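What follows is one structure encoded as structure tokens, with my remarks underneath.
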Amino acid sequence: MPELPEVETVRQGLLPVMQGARFIQVDAHRGDLRWPLPKDFAQRLEGQTVERLDRRAKYLLAYLSSGEVLIMHLGMSGSFRVAQARGIRAPGAYYHWPSRHSAHDHVEFHMSSGALISFNDPRRFGMMKLVPQAELCREPLLRALGPEPLADEFSPHMLARSCGRKQTSIKAALLDQKVVSGLGNIYVCEALHRAAVSPKRRASTIAKRSGLPNERAICLVEAIKAVLRAAIKAGGSSLRDHRRTDGALGDFQHEFCVYDRAGEPCPRAGCGGIIKRIVQAGRSTFFCPVCQK
DNA sequence: CCGCGGGCCTGAGAGC
DNA sequence: TGCTCTCAGGCCCGCG
């Protein structure tokens with residue numbers, strides 16, 4: 001489920017209760033996530049303060065006072081929920097928290113901020129991992145990630161360079177986290193529509209023979225940034241699983257132009273096309289065959 | 001190295 | 001009502 005805007009929405013929801021707060025108690029009800037949690041997972045967190053909560057692509061990174069970093073990923077169906085204690089709670093009062101966690105609340109953080117943070121993930125494609133901060137740059141999960149799409153370094157020049165020799169479709173290339181990180185199926189479809197670029201086009205055709213970006217690369221970079229910014233502003237897209245940390249739905253699904261809209265008219269003014277669904281590299285692509293060239 | 005397809009899981013929805 | 005089938009927002013791995 002969660003792509004960059006959903007993960008960023010979650011980060012913003014966790015920030016006030018997690019950053020600067022200490023793990024008082026950690027309950028790992030189920031350790032068999034994408035990869036098994038280490039046996040001493042709770043012990044390594046308890047007593048540590050979260051000095052910073054960052055996001056890299058679709059990963060959340062909690063920098064701990066112990067010098068370790070807690071890496072978290074939501075997989076396809078993961079979500080975080082924050083419950084806040086009412087009023088000031090005495091030290092130790094967390095023991096009396098009405099803990100009625102549901103079947104898929106696999107990990108719970110009791111924070112010194114008074115918040116109970118629950119990680120819920122029915123499909124268990126999500127993950128949590130602890131690594132020493134000094135080894136973060138060598139972490140295999142993060143090392144190969146391409147640029148952050150909202151950073152200035154993600155430019156038409158850079159996109160053209162990474163797509164220049166790719167034989168695959170531009171759709172598949174943009175889903176490749178080494179090309180640009182944080183995009184998933186929804187936002188790739190939406191960005192391609194916004195840029196009026198066909199998902200079937202060969203990735204290399206957004207670069208000139210010289211390797212420099214052409215007009216399509218310029219439009220694509222602009223479209224990717226614009227779609228992501230709008231989606232973050234809307235709190236992400238809720239199809240089935242994504243929730244903000246207060247349980248509210250995101251709103252961006254109402255602004256989809258093509259995703260999950262097969263058979264509907266293209267919303268581009270004067271286009272008149274009908275949104276089509278095709279399968280590329282085993283995944284659904286939604287696009288307008290009339291205006292996306 | 002590259003690109004594709006399978007696999008990991010559960011749940012929702014469609015069709016019978 | 002209930003069964004079976006398909007599909008889902010991600011990512012790793014092995015194959016050709």
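Throughout, protein chains are lettered first and strands after them, A, B, ... in sequence-line order, and every chain is numbered starting at 1. Note that the structure is a prediction, hence the values are computed from the model and not measured.
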- Please figure out whether Ala281(A) or Lys178(A) has its closest DNA chain B nucleotide nearer the 5' end. Lys178(A)
- Item | Any-strand Watson-Crick or G-U partner of dG5(B), both distances under 3.5 Å | dC13(C)
Do NZ/NE/NH1/NH2 and the carboxylate oxygens of [X] and [Y] come within less than 4.0 Å?
{"X": "Glu135(A)", "Y": "Arg138(A)", "value": "no"}
{"X": "Arg55(A)", "Y": "Glu148(A)", "value": "yes"}
{"X": "Arg244(A)", "Y": "Asp246(A)", "value": "no"}
{"X": "Glu46(A)", "Y": "Arg22(A)", "value": "no"}

- Value rounded to 0.5 Å, distance of CG in Asp105(A) from CD1 in Ile117(A): 12.5 Å
- Would you give the length of the straight line joining atom OG1 of Thr285(A) to atom CG of Leu192(A), rounded to the nearest 0.5 angstrom? 8.5 Å
Nearest-angstrom distance from the residue atom [atom1] of [X] to [atom2] of [N]:
{"X": "Gln253(A)", "N": "dA8(C)", "atom1": "CD", "atom2": "P", "result": "17 Å"}
{"X": "Met76(A)", "N": "dG9(C)", "atom1": "CE", "atom2": "C1'", "result": "5 Å"}
{"X": "Arg277(A)", "N": "dC7(C)", "atom1": "CZ", "atom2": "P", "result": "6 Å"}
{"X": "Ile71(A)", "N": "dC12(C)", "atom1": "CD1", "atom2": "P", "result": "12 Å"}
{"X": "Arg283(A)", "N": "dG10(C)", "atom1": "CZ", "atom2": "C1'", "result": "7 Å"}
{"X": "Gln177(A)", "N": "dC12(C)", "atom1": "CD", "atom2": "C1'", "result": "13 Å"}
{"X": "Ile186(A)", "N": "dG10(C)", "atom1": "CD1", "atom2": "P", "result": "8 Å"}
{"X": "Arg240(A)", "N": "dT6(C)", "atom1": "CZ", "atom2": "C1'", "result": "12 Å"}

- Query: Is Lys276(A) atom NZ crowded by more than 12 heavy atoms from other residues, nucleotides or ligands, each under 6.0 Å away?
  - Reply: no
- Tell me which residues in residues 119-131 of chain A put a heavy atom below 4.0 Å from DNA chain C, sorted by number, or none. Arg123(A), Phe125(A)
- Message: At 4.0 Å (heavy atoms only), tell me whether Leu141(A) reaches a base, stays on the sugar-phosphate, or touches nothing.
- Response: sugar-phosphate
- Task: For Tyr187(A), report the nucleic acid contact type (base, sugar-phosphate, nothing); a contact means any heavy atom under 4.0 Å.
- Result: nothing
- Quick note, Leu239(A) side chain, CB onward, closest among dC11(C), dG9(C), dA8(C) is dG9(C)
- Query: So, is Ser77(A) close to the dG9(C) phosphate, meaning a side-chain N or O under 4.0 Å from OP1 or OP2?
  - Reply: no
- Query: On DNA chain B, which is the earliest and which the latest nucleotide, 5' to 3', with an atom closer than 4.0 Å to a heavy atom of chain A?
  - Reply: dG3(B) to dG11(B)
- Message: Which is more 5' along DNA chain C, the nucleotide nearest Trp35(A) or the one nearest Gly282(A)? Just name the residue.
- Response: Gly282(A)
- Heavy-atom closest pair (Ile170(A) atom, Ser198(A) atom, distance to 0.1 Å) is CG2-O, 3.2 Å
- Query: Given Val7(A) and Arg11(A), is the side-chain contact (heavy atoms from CB on, under 4.5 Å) satisfied, shown in steps?
  - Reply: CA-CA 6 Å; Val7(A) 178; Arg11(A) 186 183 78 89; 5.6 Å; no
- Only one of Trp35(A), Tyr59(A), Phe125(A) clears ring pair (Phe, Tyr, Trp, His ring centres under 6.0 Å) with His73(A); which? Tyr59(A)
